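Everything below concerns the one structure shown next.
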Protein chains: 2
Amino acid sequence: MSKRIETLIAQADKNCTARGTRLTAKRKQVLAGLLNCKRALSAYELVDYCEQEFGETFSAMSVYRILEFLEQEQLAHRLNLANKYVACSHICEHHSHDAPQFLICQSCHKVSEIIIPPNTVSALKQTVADAGFELKSPQIEMNCICNDCKTKALGRDHRNKQHSVAHSQSTTAMTTQAGT
Amino acid sequence: MSKRIETLIAQADKNCTARGTRLTAKRKQVLAGLLNCKRALSAYELVDYCEQEFGETFSAMSVYRILEFLEQEQLAHRLNLANKYVACSHICEHHSHDAPQFLICQSCHKVSEIIIPPNTVSALKQTVADAGFELKSPQIEMNCICNDCKTKALGRDHRNKQHSVAHSQSTTAMTTQAGT
DNA sequence: TGAATTACGTTATGTTATAACATTGCACAA
DNA sequence: TTGTGCAATGTTATAACATAACGTAATTCA
């Protein structure tokens, strides 16, 4: 395991101790698995991954419980769009975790945890409030294609585009779309 | 079934014919089920709902296939956050369906399909592009609490708020949060 | 009419998630 | 040092969501 990951886990351990919770050996292994693997993993994938990488066997049940713990401790995030899990990318930062936003590549499951500009977030919240709702968690997840996969796809792309509904858009910032 | 729903289904039928696809009896029933029920339904819930309301039995398999068809025809949407499905709220409108946005009440599963202002959408897209990704579909789903459920919850709310991490936020538009 | 296509039925299975209860192991008090 | 209590983990079963594979019926159209 890389030095970087060891450092992160040491930090996570400190954070837990400070909060009066325990980052046990098992929990460290699951977190290490998430940190080690660049992409989002399902609980069951994580079971396999930990088995391969660390020779540790977990029941799916344990992994779910541990993931729940890691989420509470803000060491990992559940991605609802993908039903997968990732390590938090801000373990070392004293970061408020107010509004995590995730870009999930549909092709390779690479995940980027980004910061959306506060005024964009506030505009979203206002729109939501106008509709008579309130954001429960400001976590926003978006299905994307990462540039790597987009590039790879360009060669072999002439998909069955059955219904070419107008995709003209009143926005200016739209980048060109692969394969359309 | 209400007159309104019959009208919507007639319109949906026309749309399909115009596109060279068929809104069969079974497909109409599933669509009617979605339209009739105000909240989001899972495929299996839809099976039960149609059985109760219309005395029609579907296998889950059929419902999945029909939902897939309805999605293609933009008569229904799959909500990835909830693994549930809703009728499109714009069946009668010649609406581009560019950027459907959904607010999903975590408590009662009520769904509101809203329009986010174009400049907010374009700001999001720019942020995503800066991170080296591209929005695959501009569909955005947000976990919310609707005002009804929030009101109901106020009486009985003093949850186990273990870790009161700072929730101060640099935005101005945040409405007060239930139960915190 | 008959071939092709589309829709639907059926069964099996895969995937994600939780419930329920048993067991282990550590911390702390007596 | 031994209980006692609680947190963590193990184990089994099952719920909930989804798709694969293949067969049959219905519809379209040459």
Side-chain angles (χ1 to χ4, degrees), chain A residues 12-13 16-17 19-31 33-34 39-51 54 56-73 75-86 104 106 109 141 160 162-163, chain B residues 12-13 16-17 19-31 33-34 39-51 54 56-73 75-86 104 106 109 141 160 162-163:
Chain A
D13 202 0
C16 286
T17 305
R19 290 161 57 101
T21 59
R22 280 182 293 161
L23 193 64
T24 64
K26 291 279 184 188
R27 286 167 176 174
K28 280 179 187 166
Q29 280 156 357
V30 169
L31 180 56
L34 284 178
R39 59 194 194 79
L41 293 174
S42 76
Y44 287 80
E45 285 168 342
L46 201 44
V47 168
D48 294 344
Y49 189 85
C50 285
E51 171 104 47
F54 313 130
E56 273 293 320
T57 69
F58 294 88
S59 70
M61 191 66 248
S62 295
V63 167
Y64 274 108
R65 275 191 291 231
I66 289 171
L67 287 169
E68 190 184 17
F69 172 85
L70 294 175
E71 266 197 284
Q72 269 176 29
E73 300 303 311
L75 299 171
H77 298 283
R78 173 186 157 81
L79 300 176
N80 294 294
L81 276 191
N83 294 329
K84 291 184 191 300
Y85 303 82
V86 287
I104 306 166
Q106 292 291 281
H109 292 128
E141 303 170 32
N160 53 331
Q162 290 183 306
H163 312 307
Chain B
D13 202 0
C16 286
T17 305
R19 290 161 57 100
T21 59
R22 282 180 292 159
L23 193 64
T24 64
K26 292 279 184 188
R27 287 167 176 174
K28 279 179 187 165
Q29 282 156 355
V30 169
L31 181 55
L34 284 178
R39 60 194 194 79
L41 293 174
S42 76
Y44 286 80
E45 284 169 342
L46 200 44
V47 168
D48 295 344
Y49 189 85
C50 286
E51 171 104 48
F54 313 131
E56 272 294 320
T57 68
F58 294 89
S59 69
M61 191 67 247
S62 294
V63 168
Y64 275 109
R65 272 191 293 232
I66 290 169
L67 286 169
E68 189 184 17
F69 171 86
L70 294 175
E71 265 198 285
Q72 268 176 30
E73 301 302 311
L75 299 171
H77 298 284
R78 173 187 158 81
L79 301 176
N80 294 293
L81 277 191
N83 294 330
K84 291 185 191 301
Y85 303 82
V86 288
I104 307 166
Q106 292 289 282
H109 292 128
E141 302 170 32
N160 52 334
Q162 291 181 305
H163 313 306

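As the structure is a computational prediction, the values presented were derived from the model and not from experiment. Lettering follows sequence order; numbering is per chain, from 1.
At whole-Å resolution of the value, OH in B:Tyr64 and C1' in C:dC8 are 17 Å apart. Straight-line distance from the CZ atom of B:Phe58 to the P atom of D:dA18: 18 Å, rounded to whole Å. One interatomic measurement links the two molecules: CZ of B:Arg78 to P of D:dA18, which rounds to 4 Å at whole-angstrom precision. Remark: P of C:dC8 and CG of B:Leu70 are 10 Å apart, rounded to the nearest angstrom. Atom CG in A:Asn80 sits roughly 14 Å away from atom P in C:dT16 (whole-Å rounding). Rounding to whole angstrom units, CG of residue B:Leu46 and P of D:dA16 are separated by 16 Å. Following rounding to the nearest Å, B:Asn83 (CG) and C:dT16 (C1') show an atom-to-atom distance of 9 Å.
Here the side chain of A:Glu141 pairs a donor or acceptor atom with the backbone of A:Asn80 at under 3.5 angstrom. No donor-acceptor distance shorter than 3.5 angstrom exists from the side chain of A:Arg19 to the backbone of A:Glu73, with no hydrogens or angles considered.
Nearer to the 5' terminus of DNA chain C, by closest-nucleotide assignment, is the contact made by B:Arg22 (compared with the other of B:Ser62 and B:Arg22). Nearest-nucleotide mapping onto DNA chain D: of B:Met61 and B:Lys84, the residue sitting toward the 5' end is B:Lys84. Along DNA chain C, the nucleotide nearest B:Phe69 and the nucleotide nearest A:Ala82 are compared for position; the residue whose nucleotide lies closer to the 5' end is B:Phe69.
Taking 4.0 angstrom as the limit, B:Arg65 places none of its side-chain polar atoms (N or O) nearer than this to OP1 or OP2 of D:dT19. Of the side-chain N and O atoms in B:Thr24, one or more sit less than 4.0 angstrom from OP1 or OP2 of C:dC8. Regarding contacts with the backbone of C:dA17, a side-chain N or O of A:Tyr85 is found under 4.0 angstrom from either OP1 or OP2.
Taking a 6.0 Å sphere around CD of B:Glu68, one finds it holds 12 or fewer heavy atoms contributed by other residues, nucleotides or ligands.
Within 4.0 Å of B:Ser42, counting heavy atoms only, lie sugar-phosphate atoms of the nucleic acid but no base atom. Nucleic acid contact class of B:Ser59 (heavy atoms, under 4.0 Å, all strands): base.
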Checklist line | Residue pair B:Asn83, B:Arg78: steps toward the side-chain contact (heavy atoms from CB on, under 4.5 Å) verdict | finding: CA-CA 7 Å; B:Asn83 294 330; B:Arg78 173 187 158 81; 3.0 Å; yes
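Judged by distance alone with a 3.5 Å cut-off, no donor-acceptor contact links the side chain of B:Tyr44 to the base of D:dA15.
Salt bridge present: B:Lys84 and B:Glu45 bring a charged side-chain N and a carboxylate O closer than 4.0 Å.
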